[in-house]
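Notes for the one structure printed next.
In what follows, every heavy atom counts, from backbone to side chain, and hydrogens, waters and symmetry copies are set aside. Chain A is the first sequence line, chain B the second, and so forth, proteins listed ahead of strands; every chain is numbered from 1.
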Amino acid sequence: MSDNLTTTRRRFLREGMWGGVLAATTAAGATLAARAKNDRLVWQIDPYKCIACGRCATHCIFTESAVKCVHSYAMCGYCDLCTGYFIPEPKDLTTAAENQLCPTGAIIRTFVEDPYFEYTIVEELCIGCGKCVKGCGAFGNGSLYLQVRHDRCVNCNECAIAAACPSQAFVRVPAEKPYLLKEFK
Amino acid sequence: MSRAFNRSWIVVMLWLGLFSVATAVQRFPPPQFSEPRELPEPTTPPPRSITMETVDVAVLAAALMLAAWLILKKRRRGWIVALMLFSLGYFGFWRQGCICPIGAIGNVTLAIFDASYALPLTVLAFFLLPLLFTLFFGRVFCGAVCPLGMVQDLVLIRPLRIPAWLESGLRLFAWLYLGLALLMAATASALVICRYDPFVAFFRLGANPQLWIISFSVLAVSLFVGRPYCRFLCPYGVILRQLGRLSKYRVTITPDECIHCRLCEDACPFGAIDKPTVEWPDSQRVKARHRARVLLVLLPVIILLGGWIGFKAAPALARSNAVVRLAERIRLEETGLVADRTDESTAFRTTNRTIENLYTEAEAKQQDFVIGSTLLGGAMGLLCGLTLMRTHICFRRDEYEAHRAGCVACGRCYLSCPREHLRRQRRTDLQPAEPSA
Ligand code: SF4
Ligand code: SF4
Ligand code: SF4
Ligand code: SF4
């Protein structure tokens, strides 16, 4: 008899709590849903914060980083002595490998007309090390900069590079506008 | 513009040596081409579309429904394993483990504490669906959907028995992990659950060395200890355990009645099968009641002790926050204790934020850590106390039962029960006979 009573009481307690927790979960879910966005956030680099420290090349969960260099042609000076392309004090201004800053030779230099040269990034070769970005930013127009390439990035919930970035340049941006491109000002 | 002119520019700038990347300067004018020239644009390959994310949510809901049906109604381990393999393939290898409900704890917490972070609806759905299913059907998410659980479940070859006291002790780590994950997410310091995800290295076939080490260690332990991450670390598992205690329906070892044959006693590799209890002798009961009372009186002391440890740990924990670390570094540089600059401090000095502003923000963060860490310590104290107390309370049980919280609904125990064999027999007998010609 008393046993029966305990079981009934326990059942009653459990069912009450069940209802309470269900209501609480639903309410919390609804509150959060009201504030949530039917949108997706993806990682991107704010090029004006990035200091081209080189960690983008090494900290991505992929061995070949999802971060690559992009070139804002409109900002470029088309310089002959491109400080993003050449090492400081190059022997001569030729495309010989020992003159190049890029460790993988991912930048192509093409002659346009005197004295202009166009620089193009070969994305397959770029490892996102930021050496050219640093060179271009320090002495040039800053038209070379790093961006997360969304055909490669799997959008980790916590981006491993963001966690390591010294300048907190990684930000979450809406997936509709997934790039933070530099523009000519 | 001549080459010489370009060169001299460089020399001047090298001399000045003041320029950083972050300062946006247009040093050279745009080229004056002799004929108009269309400038190329950088390509912008789009990320995965939002529609695909919605598909993921639908697949999750479908997998959960199927799991509930297979586990509670169909009761066949073979089918459950088939669903496990699908989930592992889809959520693990195809979707590469992101987003998962476990990691979503971080996003949800971040959304609660940081108004500027807009939680994506799909992430919210991933977080809530398994919770609701657990309230109704028990831990069916753990049983056949969670990719992390599936890896551990499928590689288990020789489960070691873990004594109950060790089990409940180790389980406290999961609580601690959950607490730390909440603290780090609430202070916008890190999403630790994702940072130390045990199997993401496998799912993506790529990771930093640290993640590979974590993955292989958890995998190695999983060969001999049933689901070690689930039982002793998983922060989502902690929540699911509590909801499982209340669930409407749940795994029962026997399809109808327990005949006390003891055949299922060792069937569960996760120690989730409870035996019928034997009545304690009077002397033991008196002693246990006494101990429980002493512990109850001591409980506030244990909580205070935990809180004190948390308070003491706050400065160390706060260092996980980038702002706090940066402020510390800048302070060292400002007081001349260190001469060199780090990447972090260089980056900070290129912005036009004032040092005072940074210090204020860091102090506020540290304050948050003091509060959070003290609360966490207190809560851990309370949990330790309750865990100890529970060993001195006698719960009555008459049958062999799958533990409401501990059962991960893997379906291994069904076939150990002779009543289940009978049920299957009956079902085949009930099948309509072959129509005779
Ligand atoms: S880690 Fe940050 S600062 Fe370094 S290169 Fe990448 S975005 Fe730039
Ligand atoms: S989100 Fe992941 S894949 Fe994308 S850049 Fe960051 S670490 Fe690499
Ligand atoms: S306990 Fe955690 S890791 Fe294990 S199956 Fe459940 S949610 Fe997944
Ligand atoms: S289904 Fe059975 S064997 Fe599997 S966890 Fe639950 S009690 Fe253990």
Exercise. Taking every heavy-atom pair that is under 4.5 Å apart, which of E118(A), E123(A), E15(A) has the most such pairs with chain B?
Worked result: E118(A)
Exercise. Does the side chain of R40(A) pick up a donor-acceptor pair with the side chain of S49(B) at under 3.5 Å?
Worked result: no
Problem set entry | Distance, nearest 0.5 Å, that separates OG1 of T25(A) from CZ of F127(B) | 9.0 Å
For this session: Could you pull out the closest heavy-atom pair between L39(B) and A74(A), with the gap in Å?
Result: CD1-CA, 3.7 Å
For this session: Could you tell me which portion of I112(B) (side chain, backbone, both or neither) has an atom closer than 4.5 angstrom to a non-hydrogen atom of chain A?
Result: both
For this session: Determine the option with the most heavy-atom pairs under 4.5 angstrom with chain A, choosing from R48(B), R325(B), Q32(B).
Result: Q32(B)
Exercise. Among L41(A), V42(A), V148(A), which has the most heavy-atom pairs under 4.5 Å with chain B?
Worked result: L41(A)
Seminar exercise, completed: Most contact-rich option vs chain B, by heavy-atom pairs under 4.5 angstrom, among V112(A), T63(A), T31(A), is V112(A)
Exercise. If you look at every heavy atom in S167(A) and A347(B), which pair is closest and at what distance?
Worked result: CB-CB, 3.4 Å
For this session: Nearest 0.5 Å please: distance from the CG atom of L22(A) over to the NZ atom of K248(B).
Result: 8.5 Å
Exercise. Roughly how far, to the nearest 0.5 Å, is the CG atom of D343(B) from the SG atom of C165(A)?
Worked result: 9.5 Å
For this session: Output yes when a side-chain donor or acceptor of N157(A) lies under 3.5 Å from a complementary backbone atom of I99(B), and no otherwise.
Result: no
Exercise. When C156(A) is tested against each of R204(B), Q96(B), R195(B) for side chain to side chain contact (heavy atoms under 4.5 Å, CB included), which residue passes?
Worked result: R204(B)
Seminar exercise, completed: Looking only at H71(A), R172(A), H150(A), the option with the highest number of non-hydrogen pairs under 4.5 Å against chain B is H150(A)
Problem set entry | Salt-bridge contact E113(A)-R37(B) (side-chain N to carboxylate O under 4.0 Å) | no
Exercise. Of the backbone (N, CA, C, O) and the side chain (C-beta and beyond), which part of I239(B) lies under 4.5 Å from a heavy atom of chain A, both, or neither?
Worked result: neither
Seminar exercise, completed: Among R55(A), M17(A), Q147(A), the residue with the most heavy-atom pairs under 4.5 Å to chain B is R55(A)
Exercise. What part of I121(A) is in contact with chain B, defined as an atom under 4.5 angstrom from a non-hydrogen atom: side chain, backbone, both or neither?
Worked result: neither
Seminar exercise, completed: Under 4.5 Å to a heavy atom of chain A? For L132(B) that would be side chain
Seminar exercise, completed: Ranking E158(A), R149(A), R35(A), H59(A) by heavy-atom pairs under 4.5 Å to chain B gives rank one to E158(A)
Exercise. Looking at S34(B), C194(B), P45(B), A115(B), which one has more heavy-atom pairs under 4.5 Å with chain A than the rest?
Worked result: P45(B)
For this session: Count the heavy atoms of every other residue, nucleotide or ligand shown that sit under 6.0 Å from CH2 of W212(B), and state whether that count exceeds 12.
Result: yes
Exercise. For the atom pair CG (L211(B)) and CD1 (I61(A)), what is the distance rounded to the nearest 0.5 Å?
Worked result: 8.5 Å
Exercise. So with a 6.0 Å cut-off around CZ of F93(B), is the heavy-atom count from everything else above 12?
Worked result: yes
Exercise. Contact part of T44(B) toward chain A, heavy-atom cut-off under 4.5 Å: side chain, backbone, both or neither?
Worked result: both
For this session: Counting only heavy atoms closer than 4.5 Å, note whether R404(B) contacts chain A via side chain, backbone, both or neither.
Result: side chain
Problem set entry | Proximal component of P40(B), with respect to chain A [non-hydrogen, under 4.5 Å] | both
For this session: Measure the CZ-CZ distance between R10(A) and R396(B) for me, rounded to the nearest 0.5 Å.
Result: 9.0 Å
Exercise. Relative to chain B, which segment of C136(A) carries a heavy atom at a distance below 4.5 Å: side chain, backbone, both, or neither?
Worked result: backbone
For this session: Check whether E41(B) gets within reach of chain A through its side chain, its backbone, both or neither, counting any heavy atom under 4.5 Å.
Result: backbone
Exercise. Closest heavy-atom contact between F28(B) and C79(A)?
Worked result: CD1-SG, 3.7 Å
Exercise. Where on T43(B) is there a heavy atom nearer than 4.5 Å to chain A: the side chain, the backbone, both, or neither?
Worked result: both
Exercise. When you look at CZ of F12(A), are more than 12 heavy atoms from neighbouring residues, nucleotides or ligands closer to it than 6.0 Å?
Worked result: no
For this session: Could you tell me which portion of L128(B) (side chain, backbone, both or neither) has an atom closer than 4.5 angstrom to a non-hydrogen atom of chain A?
Result: side chain
